[in-house]
Amino acid sequence: MEETSIIISGFGGQGTLFAGQVLAYTALDNGFEVTWIPSYGPEMRGGTAHCTVIVSEEPIGSPLVRHPDIVLAMNLPSVDKYESVMPEGGALIANSSLVNREIERENIDSLLIPANEIAETIGMSRLGNMVMIGAMIKIRPLFSLEMTQESLKSHIPERHQKTLPLNFEALEKGYKFAEEEFSAIKV
Amino acid sequence: MEETSIIISGFGGQGTLFAGQVLAYTALDNGFEVTWIPSYGPEMRGGTAHCTVIVSEEPIGSPLVRHPDIVLAMNLPSVDKYESVMPEGGALIANSSLVNREIERENIDSLLIPANEIAETIGMSRLGNMVMIGAMIKIRPLFSLEMTQESLKSHIPERHQKTLPLNFEALEKGYKFAEEEFSAIKV
Amino acid sequence: MPVTGWIEVDELYCKGCSLCTEACPQDVLRLDMDRLTPKGYHPAQMIEETCTGCGICAVVCPDAAITVYREKTQRKNKQRAGR
Amino acid sequence: MPVTGWIEVDELYCKGCSLCTEACPQDVLRLDMDRLTPKGYHPAQMIEETCTGCGICAVVCPDAAITVYREKTQRKNKQRAGR
Amino acid sequence: MVSTTTEIVYQRPESFTDVHTHYCPGCTHGTAHRLVAEVIDEMNLREETIGVAPVGCSVFAYNYFQMDFVEAAHGRAPAMATGIKRVLPENTVFTYQGDGDLASIGMAEIMHAAIRGENITVIFINNAIYGMTGGQMAPTTLTGMKTTSSPLGRDVEMTGNPVQMAEILSQVKGSGYIVRRSLHDAAHIRKAKKAIRLAFEAQNRGLGFSMVELLSSCPTNWKMSAQEALDFVGEKMVPVFPLGDYKVNPALEKLRV
Amino acid sequence: MVSTTTEIVYQRPESFTDVHTHYCPGCTHGTAHRLVAEVIDEMNLREETIGVAPVGCSVFAYNYFQMDFVEAAHGRAPAMATGIKRVLPENTVFTYQGDGDLASIGMAEIMHAAIRGENITVIFINNAIYGMTGGQMAPTTLTGMKTTSSPLGRDVEMTGNPVQMAEILSQVKGSGYIVRRSLHDAAHIRKAKKAIRLAFEAQNRGLGFSMVELLSSCPTNWKMSAQEALDFVGEKMVPVFPLGDYKVNPALEKLRV
Amino acid sequence: MAKELLKGNHAFAEAAVRAGVEAFYGYPITPSTEFLEHMAARMPELGRAFVQAESEVSAINMVYGAACTGKRVMTASSSPGLSLMMEGISYIAGTEVPAVVVNVMRGGPGLGNIAPSQGDYYQMVKGGGHGDYFPIVLAPANVQEAIDYISLAFDLAEKYLSIVHVIVDGNMGQMMEPAELPPMRELPEKAPDWAVRGAKGREPNILTSIYIDPEDEEVTNLRLLKRWKEIEKNEVRFEELMMEDAEFAVIGFGTAGRVASSAVREARSQGIAAGLLRPVTLAPFPEKRLEEIADQVERILVVEMNSGMMLDDVLRIVKGKVPVEFYGRMGGVTPLPDEILAEIERLSQNQGEIAGDPRNEWMARLEKQITGEK
Amino acid sequence: MAKELLKGNHAFAEAAVRAGVEAFYGYPITPSTEFLEHMAARMPELGRAFVQAESEVSAINMVYGAACTGKRVMTASSSPGLSLMMEGISYIAGTEVPAVVVNVMRGGPGLGNIAPSQGDYYQMVKGGGHGDYFPIVLAPANVQEAIDYISLAFDLAEKYLSIVHVIVDGNMGQMMEPAELPPMRELPEKAPDWAVRGAKGREPNILTSIYIDPEDEEVTNLRLLKRWKEIEKNEVRFEELMMEDAEFAVIGFGTAGRVASSAVREARSQGIAAGLLRPVTLAPFPEKRLEEIADQVERILVVEMNSGMMLDDVLRIVKGKVPVEFYGRMGGVTPLPDEILAEIERLSQNQGEIAGDPRNEWMARLEKQITGEK
Ligand SMILES: Cc1ncc(C[n+]2csc(CCOP(=O)(O)OP(=O)(O)O)c2C)c(N)n1
Ligand SMILES: Cc1ncc(C[n+]2csc(CCOP(=O)(O)OP(=O)(O)O)c2C)c(N)n1
Ligand code: SF4
Ligand code: SF4
Ligand code: SF4
Ligand code: SF4
């Protein structure tokens, strides 16, 4: 596998930064090189928050990219911002709970997933981010579901351990949703 | 006349800096180029004070010299410091009131003058500096006595105007003393 | 005839902090959970007509989002000279 | 028998500020106008023998130049036990 | 004979721009801004006022006030205001500063502005924390309060006690009007506005340095809801920072506003 | 039965080096130095004391004390002392500062050392002027006093009133011992020494920030004789800077020195 | 110890803790604040000194004080904070005591913004403080390197009684990368003989930066300069990528150098013989190596996140042997690999001489570019 | 007006008064204090603003404030004071408001001493503050020149909305020379349209150095850089002595350059074809002229009162075309003509290449020399 770049973007409070860290931990635990870099500063307050994760087998140069291979867009502004800049053959996963439009690009894989609703079925609306991750690793299997759950388990902060089962469930539900709904690239 | 450098040195309070300014003003009033530069900083407090005056017909480069052509030494440390560094043919005028030794150098003009005592005869002991200047312009006639008195008159601070006659007298007494006592260079 | 009032909330400024809803002595303000402002907040709104126009909500609003109106009844008296 | 004292002025330190001569309650200190210290000041000196050794000069001396001595007379008493 | 008319009890001040502030929901920076704007409207000073914004959450204050503004270096607003006031004595000059800005890095500048009796007005927002940088301890942080730079709670042994600027500045002869008010409910907000009015009146009358310290909230870094934060101000901060008039030039006492 | 012995009533303190100071004749910097040295002798602290010299006429203090010393940047002695005391809590650390150093450029550092309750001792020489740089106005310069930077005399309108540091610092909770004394005659010098003793005792007992403000003379820049300068301190400065105890930790009150 | 995923600022701070730092004095500022926050938690629990100072001016003077005791001490800040430390840094340098100062650089001048920048190169490398002094400047480009060089910084500071700056940009401070922290070092138990800790049974130690007699100051200046020459001899460090056979050299430090490495790899894959020189010690600068490279390559591209500062040093050393071009992004913008790749491609075509300031052509190109980007 | 005998600091201050400075904010420090003292007397009597600030930090921020009103404002200080002004200077530069800052340099680093020095070259010329900015730096060498360039400083500051530094050493501040003061200038009655003086009948003016979006900051950085290029084009100033047919060029600024002029004259009288280039604008540096000189002469000697700072710029520009040697005195020592003459003589004999840092050989020579002098 050569270098893969992922951007996870949404409102502050949607857990985009942590979602990125889960991917980073999974990469680390499975012997990949990885970088995680957040947006920081005032825009965090209230506004949007995003992070860039790069996974690779080689040492990583730039931790930032202009054309992310994979984008997890948890709100509409994020879709608007990234859809156009993704490379052909990229994968855009959008949270349809907050994105009330279709994906226009046809030369990329795309999936609309109602992450919030799915999370609510689990009874923990904050877990939309994990639902998105679950879907992603189905569509772009950088790591298996198990690998991801393993790493989540070993790195989730103490105070959240009790929510681990719910997190697993969210990952699985996202994974399953992608399994059923995702039909590969249209062109 | 080419460049002439003069150092006036003594204890703080002996009026060495003002004496230098009198020379500088006289030079200016008579169309010479001139620089006046004092020692400054802590050593002023209590310790010694000296200034370097350079008079020339050309624009002046360095305002500082290593080998002063003329030295007015108002105390012993000043004689000790400068006698040795003066160029052959230089002129050293020492205030014998505070310098209780002979001048050793034979290849320079030198004069020992009891400036304090002479000043006291005028009734103003602080005027030792003017006595020294008077002697100097006799031995090294950069300017005439009249030129010097003119400049002194026009530049002495308001509050000291009343002491002008005494200053004149001090200049004259120094000038006269040199006239009588000074026998040109020994070798 | 009672003094009555009403308010308008400017959704450009409202951030749904609910300080006004907490402060309203008549308890006639609520956040509108069905709507989002352009900035993504649930705006405050008036839910009953018993507002007295006391203006307390506007005083506590950190974002100067509230305009308060009051309907005033005045009885005009004949002016007495020299007074 | 009166208590008597005397002082020594260290000329390495004395700056002839004459604070001691002004402060001396016995008025027994003066600056010595005939001598200069190595630093060029007229040092203070004792001019009469009536110094009580009160030490005031030393207390006011900014340059710790003064050492003060006092001759002390003591009457030895037999110690009483238990006291 | 009876008639009804509609009057506007309250509306957004003229001295405000129509910009949505970047402050967190419920942050009383907004309240303080509003009161200043209202006072400037009432006194009709907008066109002659120059504001000095600090470094802190209110760094963008100049976007919200419809008047000339400059943006100072962290803590130096009083020096910058001095530089302005001395060349434009006829203008009204005020600084708006947080507690890190005024009481920590800017201690020398605020003290000396007061010592010189600099004829400026200072609006001092005491929210017991560094807001902009994400919740570090301020000199005003309450004893035992957890912040990102006092994770176990402020320890008096190591960091000293909360500093009371109004008390300290009132010790300085040059100061003309030094008071502390709070923004935690409508009644206190009204009192705060009166104080701000008097502070600007003091400047207009050339009575020297004037400061209004405003106890303020930081729901975000206190990790509370907006209302909880106001309750915290009223219940926890007011006891440590007593409200009151610490220095009032006699010329102001008669004044009714 | 009678015998006579010779006792030494006073001699130069051990904590002094045998260096002739650079101070002007009659300057009470020397007196203050001597008192500090005597106290350190009495308390037997010489070998564990670290002094912090300021920038000012006393910049060379380290040449006169027989103990470890550092030389701070202008006004920053309290910060430097903090840096030292925090890593060497067992050592005795004191700063020695002039009024330009402490009350002007160093205002933030002295205030915050006190606010933190930093367990250091500060000897504050208030001579109402900038000595080293040749007699400019200090924050402590008396109203109407002519200096090289207030040639027409200090004008309260433009420069404010003389600043009273003891009063201000006593407002701070962290301070353990804050007093003002004077050096203008033997009796006051003796009182000043007692205060310096108590300040160091306060540090030894971990009572927090201690400062002794000493009214001092600058004959050179005041253009007076040494004695005239002392009289000026007694007659002109004392009324503006009242002597007294502004803050005394109860633990010290019992103490007899 | 295995690699962990570490956030830059926390990793740097923990590295200092492991290196045995005994005191941290600082003041919060984005994007370095987590450094202070980490210390606020760690130092007290280890019984070491931590003070959140009232300002950076105070912080650096606290550092100065502790440095005089011979204890290991440091501070960390960002650009405006560093400006406030310039007087203190000059004092520390003039007193010849060891101290480590970390700068997590942000966009400037003035308040600027909090985005990653390298705009403090002059200030850090040439000495933004007054007088003649010579700071050692380390510029790591990834979290692991930063961890390692922060330990090294203390050793260099103590070996040469010098100020050591470790400078990174906001990206480094904020990003997470796998890295390994060193084990805890022993704290030295005996004090250096110059340290002030009380003159017990010895002559007093006096630490000062004042030499009122110019002759004495000159001797001190010369001592500092000679020590600097030693440092230049012993302590130069740099990284290279595919320089052996390179015809085009890219030179960049920190994040700019790191991003450039991606571009260089890409260029190689396109058959362009590019190579990278990434100075790790900006002072002392890898002069010898650059001279060799100037003899080897056809053209040099300097890449910085500023308006062209290291560029001056490169020009001075290259002495016009080969053309030097410049590409920079400013104000907190981080260049991306494709931009640098495009530059390398252009470079590999361009035979022309560079008349005068290499920045002239870049400015014209950049202006188009950003008016495009906006 | 006829020439008078004027003391440097007083003359500089009076020159500023005549140039129409409307506010002076400063803090005393030797050897610049008389500047402030002169202002303390003059400004109030003219009804202009004077404040003795509590510190240099405060002084520069007062200057910043007044600069934002479009009034003519300045401060003056000496080396350590300048270090404390670095943050404020960076803010002023970032806000693009005009201000004049005079530095009467003294020996450093640290407290150092109060003797004349040129050790702040890097700090003043490269920008000791954080971020990318470009101060204009004027370095007069005699009292008359200083008087003239202080007036010019205000014009340049206002023309380019820039910080202008006027740097001299303690000698210049303390010496007296005959010079002529200009007549009083009229004060401008109308405010620049960007100035903050109250938004009466216009949209508010906002002056800030913050550009939270890196793209905006970059546009600002580029604007500053382009303005700088204009300045480089228009404002280079320098003095020369007998350069026409010179085979050996001496380069020095301020007092060092002035002292060198005596040595150059002396060398000529000995038949050595020496000449002097004395940059008056250190920034922008006389690059073009130096390039021409590098093509003309056999050898170059750089003379400074520091450890070799301008030397870097000379080396960068000369590009190794001819050997460059260095002679410096440090720590407050002013070189005397005979020292420089000896260097010129040595230079005129020396055919050897200069390997590596020109300072190496000088250091060896200087060490002998000063151990001799002491
Ligand atoms: C010289 C400098 N140091 C530090 C900072 C970082 N900084 C920005 S705002 C701030 C403190 C803000 O707290 P406060 O003044 O209380 O205002 P608030 O944000 O709470 O309103 C700090 C430390 C800076 N910008 N400049
Ligand atoms: C940063 C800085 N600013 C200014 C100075 C110049 N300076 C030296 S001492 C001093 C003031 C001294 O006055 P004070 O602190 O009252 O001590 P005193 O000399 O009166 O004992 C000043 C302004 C300096 N050395 N450093
Ligand atoms: S107080 Fe203001 S901002 Fe908050 S909810 Fe009410 S209207 Fe909205
Ligand atoms: S007080 Fe001290 S210094 Fe002054 S004259 Fe007396 S002994 Fe000398
Ligand atoms: S961080 Fe705190 S102070 Fe800043 S805007 Fe948010 S609530 Fe207000
Ligand atoms: S100048 Fe003043 S303070 Fe300084 S030593 Fe002389 S008398 Fe003392």
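In what follows, chains carry the letters A, B, and so on, assigned in the order in which the sequence lines appear, proteins first and then strands, with residues in each chain numbered from 1. Please read all numbers here as calculations on a predicted model, not as lab measurements.
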Novice: Let me confirm one number: the CH2-CD distance from W36(A) to E177(G), rounded to the nearest 0.5 Å.
Specialist: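 Those atoms lie 12.0 Å apart.
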Novice: Should we say atom CD of Q161(A) is surrounded by more than 12 heavy atoms from elsewhere, each under 6.0 Å from it?
Specialist: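 Yes - once you tally the heavy atoms of other residues, nucleotides and ligands closer than 6.0 Å, there are more than 12.
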Novice: How far does CG of L336(G) sit from CG of L64(A), to the nearest 0.5 angstrom?
Specialist: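 CG of L64(A) is found 6.0 Å from CG of L336(G).
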Novice: Count the heavy-atom pairs under 4.5 Å between each of A141(G), S261(G), G170(G) and chain A, then report the option with the highest count.
Specialist: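 Winner by heavy-atom pair count: G170(G).
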Novice: Report which part of V65(A) has an atom under 4.5 Å of a heavy atom belonging to chain G: side chain, backbone, both, or neither.
Specialist: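 Contact with chain G: backbone only.
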Novice: In plain terms, say whether E58(A) and R265(G) are close enough for a salt bridge, that is, a side-chain N and a carboxylate O under 4.0 Å apart.
Specialist: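 Result for this pair is no, no salt bridge flagged.
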Novice: Would one find more than 12 heavy atoms of other residues, nucleotides or ligands at under 6.0 Å from atom CD of E244(G)?
Specialist: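 Result for CD/E244(G): enclosed.
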Novice: If we only count heavy atoms from C-beta on, is the V34(A) to L5(G) side-chain gap below 4.5 Å?
Specialist: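 Of all side-chain heavy-atom pairs linking L5(G) with V34(A), at least one is under 4.5 Å.
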Novice: Mark yes or no for whether S262(G), through its side chain, and S62(A), through its backbone, hold a donor-acceptor pair below 3.5 Å.
Specialist: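 Present.
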Novice: When only pairs under 4.5 Å are counted, which of T255(G), T334(G), D338(G) shares the most heavy-atom pairs with chain A?
Specialist: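 Most pairs with chain A among the choices: D338(G).
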Novice: Measuring only between side-chain heavy atoms, which start at C-beta, is N142(G) closer than 4.5 Å to I60(A)?
Specialist: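 A side-chain contact under 4.5 Å is absent here.
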Novice: Testing the basics here: between M175(G) and P63(A), what is the closest heavy-atom pair and its distance to 0.1 Å?
Specialist: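 Of all heavy-atom pairs spanning M175(G) and P63(A), the closest is CE-CB, 3.6 Å.
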Novice: Checking heavy atoms, do the side chain of H67(A), its backbone, both or neither come under 4.5 Å from chain G?
Specialist: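 Just its side chain gets close to chain G.
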Novice: Taking side-chain hydrogen bond (donor to acceptor under 3.5 Å, both in side chains) as the cut-off, I'd like each qualifying pair that reaches into residues 118-142 of chain A, sequence neighbours left out, listed once.
Specialist: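 Those involving residues 118-142 of chain A are D109(A)-R140(A).
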Novice: First locate atom CE of M176(G), then atom OG1 of T35(A), and finally report the distance between them rounded to the nearest 0.5 Å.
Specialist: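 Answer for the CE-OG1 pair, M176(G) versus T35(A), is 11.5 Å.
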Novice: When only heavy atoms count and the cut-off is under 4.5 Å, which of residues 18-30 of chain A reach chain G?
Specialist: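 The stretch touches chain G at Q21(A), A24(A), Y25(A), L28(A).
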